Student: 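Quick one: structure below, then a few questions.
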Amino acid sequence: MDYNHIEIEQKWQKYWQNHNIFVAKEDKTKPKYYVLDMFPYPSGAGLHVGHPLGYIASDIVARYKRLRGFNVLHPMGYDAYGLPAEQYAIQTGQHPAITTEQNINRYRRQLDLLGLSYDWTREVRTCDPHYYKWTQWTFIQLFNSYYCYDANKALPISNLIKIFENGHSSELNAACGKKMDVTASQWADFSEAERSNVLMNYRLAYLSEATVNWCPQLGTVLANDEVVNGVSVRGGFPVERKSMQQWSLRITAYAERLLEGLEGIDWSESLKEIQRNWIGRSRGATLFFELENGEKLEIFTTRADTLFGVTFMVLAPEHKILDSITTEEQKAEVERYVAWAKNRSERERLAEVKAVSGVFTGSYAIHPLNGQKIPVYVSDYVLVTYGSGAIMAVPAHDSRDFAFARKFSLPVVQVVVPDGEKEEDTTAWQESKDSKNGTIINSGFITGLKVKDAIAKIIDYIEEKHIGYGTTNYRLRDAIFSRQRYWGEPFPIYYENGVPKTLNEDELPLLLPNIETYLPTESGEPPLARAKGWNHNGMPYDHNTMPGFAGSNAYYIRYMDTNNDKELCSKEANAYWQNVDLYIGGSEHATGHLLYSRFITKFLFDIGKCCKDEPYRKLINQGMIQGRSSFVYRINGTNKYVSYNLKNQYATDTLHVDISLVDNDVLDLERFKQWRAEFNDAEFILEDGKYICGCEVEKMSKSLFNVQNPDMLVERYGADTLRLYEMFLGPLEQSKPWDTKGIEGVSRFIRKFWRLYHDRDNAFCVSDEAASKEEMTALHKAIKKVEEDIEKFSFNTSVSTFMVCVNELTELKCNKREILSPLAVLISPFAPHIAEELWSLLGNETSISYAYFPKFDNKFLEQTTFNYPVSINGKTRAFIELGVDIAQAEAEKAVMENASVLKFIDNKPVKRFIFVPKRIINIVI
RNA sequence: GCUCUGGUGGUGGAAUUGGUAGACACGCAGGACUUAAAAUCCUGUGAACAUUGCGUUCGUGCGGGUUCAAGUCCCGCCCGGAGUACCA
């Protein structure tokens, strides 16, 4: 019998499971290594070949580290709350828990086929009450904390209460929605509801009336990272802005630490950059412009140097003081504008970025430095959510202000001359001059300064005059944390006379109640409002649920102590496993999960619940595997199909065809006809007797008929081959199209490997002879290279190394135990089943996972000679063979001794030798 | 627009970080074994010229530069991919 992957793989998967080979236990005598995959959302479609890419890579590292003597934690679980299961429930009435369970079982079956070395005793599911108890618990901790900038960490809310009781609130330097100045006696007189309102401004999980992204089709609000280009990431539905009472997490309090923390972690530069941009720190100044009615208008600018160029001001349509400053004459027009702006969807607004709109409020502000009257406008190009929702407009040096000024015929005053230019007449300008490299003009005491110096001088000046101060602004917004959906974690909150109260820890988890319909109520309440008799001693629970990212924030901590019912994670387990050494997953989570998880980790660190303030030490984003779609070409208006290379002779439609009907771009005509009724009587125009399909690389998707399912490949080639092939495709981090052609090469390699130790009759056959130096060299070359490659996460080259090694050994007809035994260990992280089989055939009683990675021995790689490159007149190259590893001086000596060989080159006498560093010899003829 | 990434044979991709470019694999061509096919094995495969011989020249998106030596470093372009965007 030939190499039989089905038998071998089933046998060893069973063995690993029965012997609990991969169950991790804390073991202080060994160094730990924590390898984690981003856990999947178990969708109904199951796994396609793209999913396992990261899982295989992490499994290789996990197995490799075990062989290097590390105690490895390598768990897996499911991000089980999510919209698809709930949408399905709305349509069919089936409880999302049932759908989710089915999908999880399917995922598990598919994962098991691949021979991944997960410790399944630590599995988590975000929808499991034993798990979401701790999601709710974390929320309560956030609710009971505030962020103190002086301590630069989260502190218990009880501290804050003391500060208010003692009347020290004016000294408070804390993250908040609105600064509250409350005296001790006011505090004492406050009702419970009033106190609650004050504290709510500081809590890290807080309720507030906020402008949110409302998605009517999904019936819920969405966080900023769940909205792209004005539509929802899930489903692509339009999103509106709406003011609603919502739970939020005060992630902005951690903006600076989230930025700083990036410095110390080993993530790709591009991913760090995405997070930096998302946090969006900009240094600038806050300035106050006095209005005619005496009110102060706060603005933020990064270009304080252009203060003398301000010719008007603009408020966002949602700005609070808009009502009070609008004059009687302008009132109707402003109200019309605000109403119009509000009704525009986010998508419309973004689509019409270049269209300028706005209305004069009728009011004027006073320029704080030169006392001029400046008209105040309202326009939706100013966003309420950034800065203070109001700007000073400098049309000469800001393109948006410039467009606005031209539309409303407002003056443009140049105050910066870019380097290499002269002051110009602004009426002729076609665009503003936004460059920061230039010199200030027309600006009183800062005239003549460079932009950078001018900014510093202005800030000093406004601080001195108390009209403003230097500040830092962040683009990052607080994370909206409630969803008006069913399939999510309930908030551990009830309302007593309208005041939100948390459940006690021993009342957790608050179970998700069953309901009959998963839609919002007739009055627009979230689905949980349908739960009958669901209340806390008669007091209503919060009817929102938590968003998708809630369950993944601290899941990596839960894996350390999954089955602990007393704590999120015991101190001991946390101290041992610390944080994730290697995290592998897609980059699509850059501004969502990966940011929230860092934030929650920093918070849990602050309150002493975990020992590291960064969750993921090293992160690798595996590339997407794209599909390779196949096409047939139908001649217009017929049911006739023309082969790829002849299609230009006809007018054709291009149709996707299922890739399972295509082999090597050749269409299986019979199966194509049977595929769908419309093709039953299809006719073909062939080339060379075949129908050749066209192809294109696209996203892998069911609707494009290009999904490669791993199950079929495992069945045909085996998991080991699939594992090797997915790694062989190319660098892990790179996106690449899936192409099954190459799998044959890897499959050949595996069979060749198996052949090494089987004779012609397929009987196991190894030799106890001592290995030759040549054989040892082949082995040790592979050990050295594979070790280096794994440490660099460059798995594709390791596979090549194995191929070279096995080719060499085949050539040498080497079936020696002395070579095969270490080779089995070396290959086992990549192809664990066949390696384990060989290991046991060699007579070892324990699993290969308990073996040690073969030690590389340099002596087998020593070459006796080495080709030293010789450059002649700096041009042509020649080589002299010299002993390896000899010092520079010795090399020079050797060359001189061998000089007779080199006396004539190209029939010309050698004049002299020049020795330059790095074993190079230059010869002048 | 800004930021990050890449650009190497027909294809996927290697290259010890400045030292013989194209490892390994796919594909293709030729051959062996077969009645035949599959499977397997061997040979060739960057381009052009030379092919009776070891060959010669050009080649890592384009143009310059540094160096004895550049796919790799520097300057200026061109093209692709990703992220982000009325962010004041």
Side-chain angles (χ1 to χ4, degrees), chain A residues 2 228-229 268-278 280-282 284-285 299-304 306 313-314 316 349-350 352-356 379-383 385-394 397-401 403-404 434 473-477 587-588 590-591 621 623-624 664 724-725 728-731 733-749 751-752 755 784-785 788-789 794 796-807 810 867-879 914-924:
Chain A
D2 239 351
V228 171
N229 290 332
S268 73
E269 201 42 50
S270 61
L271 199 89
K272 287 186 186 181
E273 202 58 30
I274 291 173
Q275 291 213 342
R276 282 190 201 110
N277 290 340
W278 190 260
R281 175 171 66 185
S282 49
I299 61 102
F300 173 76
T301 180
T302 55
R303 293 295 302 273
T306 60
M313 303 191 74
V314 187
R349 208 178 62 80
L350 287 170
E352 294 161 27
V353 163
K354 286 192 184 93
V356 183
S379 171
D380 68 354
Y381 84 86
V382 174
L383 307 175
T385 49
Y386 187 76
S388 59
I391 61 156
M392 63 176 214
V394 185
H397 306 292
D398 181 285
S399 56
R400 297 148 303 174
D401 297 346
F404 194 86
D434 297 4
N473 218 318
Y474 299 91
R475 201 186 79 108
L476 184 69
R477 299 291 97 209
S587 59
E588 66 273 19
T591 53
N621 293 123
M624 267 225 301
N664 241 337
L724 283 163
Y725 184 55
F728 186 68
L729 273 177
E733 305 194 58
Q734 194 173 298
S735 286
K736 52 229 156 190
W738 179 259
D739 177 2
T740 334
K741 273 189 204 159
I743 201 168
E744 288 293 343
V746 177
S747 172
R748 229 166 273 163
F749 155 74
R751 294 198 303 264
K752 225 168 176 179
R755 270 274 147 233
K784 182 168 192 263
K785 187 80 197 327
E788 283 168 3
D789 287 342
S794 165
N796 52 330
T797 51
S798 313
V799 180
S800 301
T801 305
F802 289 133
M803 289 179 177
V804 173
C805 180
V806 166
N807 282 343
T810 304
N867 284 338
Y868 275 67
V870 178
S871 86
I872 300 162
N873 281 354
K875 231 188 137 197
T876 318
R877 271 183 302 251
F879 299 91
I914 302 165
F915 296 90
V916 292
K918 286 206 175 177
R919 69 175 200 242
I920 305 301
I921 300 125
N922 191 21
I923 298 170
V924 178

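Please read these numbers as outputs of a predicted model, since none were measured by experiment.
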Student: For B:rA69 versus B:rU20, give the span between their P atoms, rounded off to a whole number of Å.
Tutor: 15 Å

Student: For A:Asn807, answer base if it contacts any base atom (sugar-phosphate contacts may also be present), sugar-phosphate if it contacts only those atoms, and nothing otherwise; contact means non-hydrogen atoms under 4.0 Å.
Tutor: sugar-phosphate

Student: For B:rU66, is chi within 90° of 0 (syn) or not (anti)?
Tutor: anti

Student: Walk me through whether A:Ser800 and A:Phe728 qualify under side chain to side chain contact (heavy atoms under 4.5 Å, CB included).
Tutor: CA-CA 8 Å; A:Ser800 301; A:Phe728 186 68; 3.6 Å; yes

Student: Could you give the distance separating B:rG61 and B:rG9 at their P atoms, to the nearest angstrom?
Tutor: 8 Å

Student: Indicate the ring-plane relationship of A:Phe802 and A:Phe749, choosing parallel, tilted or perpendicular according to the 30° and 60° boundaries.
Tutor: parallel

Student: Any N/O pairs under 3.5 Å between the protein and nucleotides 5-15 of chain B? List them or say none.
Tutor:
residue : atom : partner  : partner atom : Å
B:rG12  : O2'  : A:Leu729 : O            : 2.8
B:rG13  : OP1  : A:Gln734 : NE2          : 2.3
B:rG13  : O3'  : A:Asn796 : ND2          : 3.4
B:rA14  : OP1  : A:Asn796 : ND2          : 3.0

Student: Between B:rC49 and B:rG10, how far apart are the two P atoms, rounded to whole Å?
Tutor: 15 Å

Student: Could you tell me which non-hydrogen atom of A:Ser388 sits nearest to which non-hydrogen atom of A:Ile299, and how far apart they are?
Tutor: OG-CA, 3.3 Å

Student: So what does A:Arg281 hit on the nucleic acid, given a heavy-atom distance under 4.0 Å: a base, only sugar-phosphate, or nothing?
Tutor: nothing

Student: Quick one: on RNA chain B, does A:Ile743 or A:Ser388 contact a more 5' nucleotide (nearest heavy atom)?
Tutor: A:Ile743

Student: Return the minimal non-hydrogen interatomic distance between A:Tyr386 and A:Ser282, and the atom names on each side.
Tutor: OH-OG, 2.8 Å

Student: Does the side chain to side chain contact (heavy atoms under 4.5 Å, CB included) test come out yes or no for A:Asn621 and A:Leu271, once each step is laid out?
Tutor: CA-CA 9 Å; A:Asn621 293 123; A:Leu271 199 89; 3.4 Å; yes

Student: Using only side-chain N and O atoms of A:Arg748, determine if any of them is under 4.0 Å from OP1 or OP2 of B:rC41.
Tutor: no

Student: In whole Å, what is the span from the CD atom of A:Glu744 to the C1' atom of B:rA25?
Tutor: 12 Å

Student: C1' atom, B:rG7 versus B:rA21: distance in rounded Å?
Tutor: 16 Å

Student: Less than 4.0 Å between a side-chain N and a carboxylate O, is that true for A:Arg751 and A:Glu744?
Tutor: no

Student: With no hydrogens and no angle check, just 3.5 Å: does a side-chain donor-acceptor pair link A:Asp789 and A:Thr797?
Tutor: yes

Student: Looking only at side-chain atoms of A:Glu273, point me to the closest of B:rA39, B:rC24, B:rU3.
Tutor: B:rU3

Student: Go through it in stages, so that I can follow the logic: the residues are A:Thr591 and A:Gln275, the test is side chain to side chain contact (heavy atoms under 4.5 Å, CB included), and I'd like the CA-CA distance, side-chain angles, deciding distance and then a yes or no.
Tutor: CA-CA 6 Å; A:Thr591 53; A:Gln275 291 213 342; 5.7 Å; no

Student: Base, sugar-phosphate, or nothing: which does A:Val382 touch, judged by heavy atoms less than 4.0 Å apart?
Tutor: base

Student: Without decimals, in angstroms, what is the distance between A:Lys752 NZ and B:rU40 C1'?
Tutor: 10 Å

Student: Taking the same atom, P, in B:rA37 and in B:rA32, what whole-Å distance lies between them?
Tutor: 12 Å

Student: Of all the heavy-atom pairs spanning A:Val394 and A:Asp401, show the shortest one and how long it is.
Tutor: N-OD2, 2.9 Å

Student: If you compare all heavy atoms of A:Met803 against all heavy atoms of A:Gly745, which two are closest, and at what distance to 0.1 Å?
Tutor: CE-O, 4.3 Å

Student: Any idea which heavy atoms bring A:Ser399 and A:Asp434 closest together, and the distance?
Tutor: N-OD2, 3.4 Å

Student: Can you confirm if the aromatic rings of A:Tyr474 and A:Trp278 lie within a centre distance of less than 6.0 Å?
Tutor: no

Student: How many Å lie between NZ on A:Lys784 and C1' on B:rA23, as a whole number?
Tutor: 15 Å

Student: Answer with base, sugar-phosphate or nothing: what part of the nucleic acid does A:Arg276 contact at a heavy-atom distance below 4.0 Å?
Tutor: nothing

Student: What distance, rounded to whole Å, do you find between the two C1' atoms, one in B:rA70 and one in B:rU17?
Tutor: 12 Å

Student: Say you pick atom C1' in B:rC74 and the same atom in B:rA25; how far apart are they, in whole Å?
Tutor: 36 Å

Student: Nearest-Å distance, CG (A:Asp398) to P (B:rA85)?
Tutor: 18 Å

Student: Toss me the dot-bracket line for RNA chain B: Watson-Crick and G-U wobble, both under 3.5 Å, 5' to 3', using | for pairs to another strand and [ ] for crossers.
Tutor: (((((((..(((......[....)))((((((.......))))))((((.....))))..(((((..]....))))))))))))....

Student: Side chain of A:Met803 only, heavy atoms from C-beta on: which candidate in B:rU40, B:rA25, B:rA88 is closest?
Tutor: B:rA25

Student: Show me the protein contacts with nucleotides 80-84 of chain B, counting only N or O atoms at under 3.5 Å.
Tutor:
none

Student: Would B:rG9 be called syn or anti here, given the cut-off of 90° from 0?
Tutor: syn

Student: Let me know the distance between CG of A:Asp380 and P of B:rA88, rounded to the nearest Å.
Tutor: 18 Å

Student: Would you call A:Glu788-A:Lys785 a salt bridge at under 4.0 Å N-O?
Tutor: no

Student: Using the C1' atom as the point on both nucleotides, what is the distance between B:rG59 and B:rA48, in whole Å?
Tutor: 10 Å

Student: Touch check for A:Ser282, heavy atoms < 4.0 angstrom, all strands: base, sugar-phosphate only, or nothing?
Tutor: sugar-phosphate

